[in-house]
Amino acid sequence: MFGRRSPGPRPDDSGGLGIGALVQVVALERGGEQWADEPIGVIVAPGGVQLGGLQRTWTVAFDEPAYTQDGRGPFERATVLGRQLVPVEPAAVDEA
């Protein structure tokens, strides 16, 4: 009605992301912070939307202190682009 559109998928939507989700931070060719060793953590809060509403971010609390590839850190938590987060099964973390 009057200019309202039904919500469609966002460009960075990944199934399984939300508060409490166990995720792994992966590297991107372009954009986003470059993290060393693809850290694992839990999404603890929404981080907001960036770049004109096209990129959602999440606040991730890491299982272990995390470092960036350029040596900054340790970080206990960070705001990460949603497209850098991959859901992880808890069993996969226990095996690693």
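Not measured: the values here are computed from a predicted model.
A side chain to side chain contact (heavy atoms under 4.5 Å, CB included) with Val42 holds for exactly one of Leu22, Val60, Val23, Thr59; it is Leu22.
Residues Arg56 and Pro46 come closest through the heavy atom pair NH1-CB, 3.9 Å. Across every non-hydrogen atom of Val44 and Ala61, the tightest pair is CG1-CB, 3.7 Å. Scanning all heavy atoms of the two residues, the minimum distance from Gly18 to Trp58 falls at CA-CH2, 3.8 Å.
Gln34 places a side-chain N or O within 3.5 Å of a backbone atom of Leu28 that can act as its donor or acceptor partner.
In this structure, Tyr67 is not a member of the same hydrophobic cluster as Ile40, with clusters built from ILVMFWY side-chain heavy atoms closer than 4.5 Å.
Side-chain contact check for Glu64 versus Pro39: every heavy-atom pair is 4.5 Å or farther apart.
Considering only residues two or more places apart in sequence or on other chains, Asp37 meets the side chain to side chain donor-acceptor pair (under 3.5 Å) condition with none of them. Under the rule for a side chain to side chain donor-acceptor pair (under 3.5 Å), Gln24 has no partner lying at least two apart in sequence or in another chain. With sequence neighbours excluded, no residue forms a side-chain contact (heavy atoms from CB on, under 4.5 Å) with Glu76. Legend: residues meeting side-chain contact (heavy atoms from CB on, under 4.5 Å) with Pro65, ordered by chain and number and at least two apart, are Pro74. For Arg77, there are no salt bridge (Lys or Arg N to Asp or Glu O under 4.0 Å) partners two or more places apart in sequence or in a different chain.
Between the OG1 atom of Thr57 and the CG atom of Leu81 there is a distance of 7.0 Å, given to the nearest 0.5 Å.
Members clustered with Val86: Val26, by chain and number, using a 4.5 Å side-chain heavy-atom cutoff among hydrophobic residues.
Few gaps surround CD on Gln69; more than 12 heavy atoms of other groups in view lie less than 6.0 Å from it.
Using a 30° and 60° split on the angle between ring planes, Phe62 and Trp35 fall in the tilted class, from 30° to 60°.
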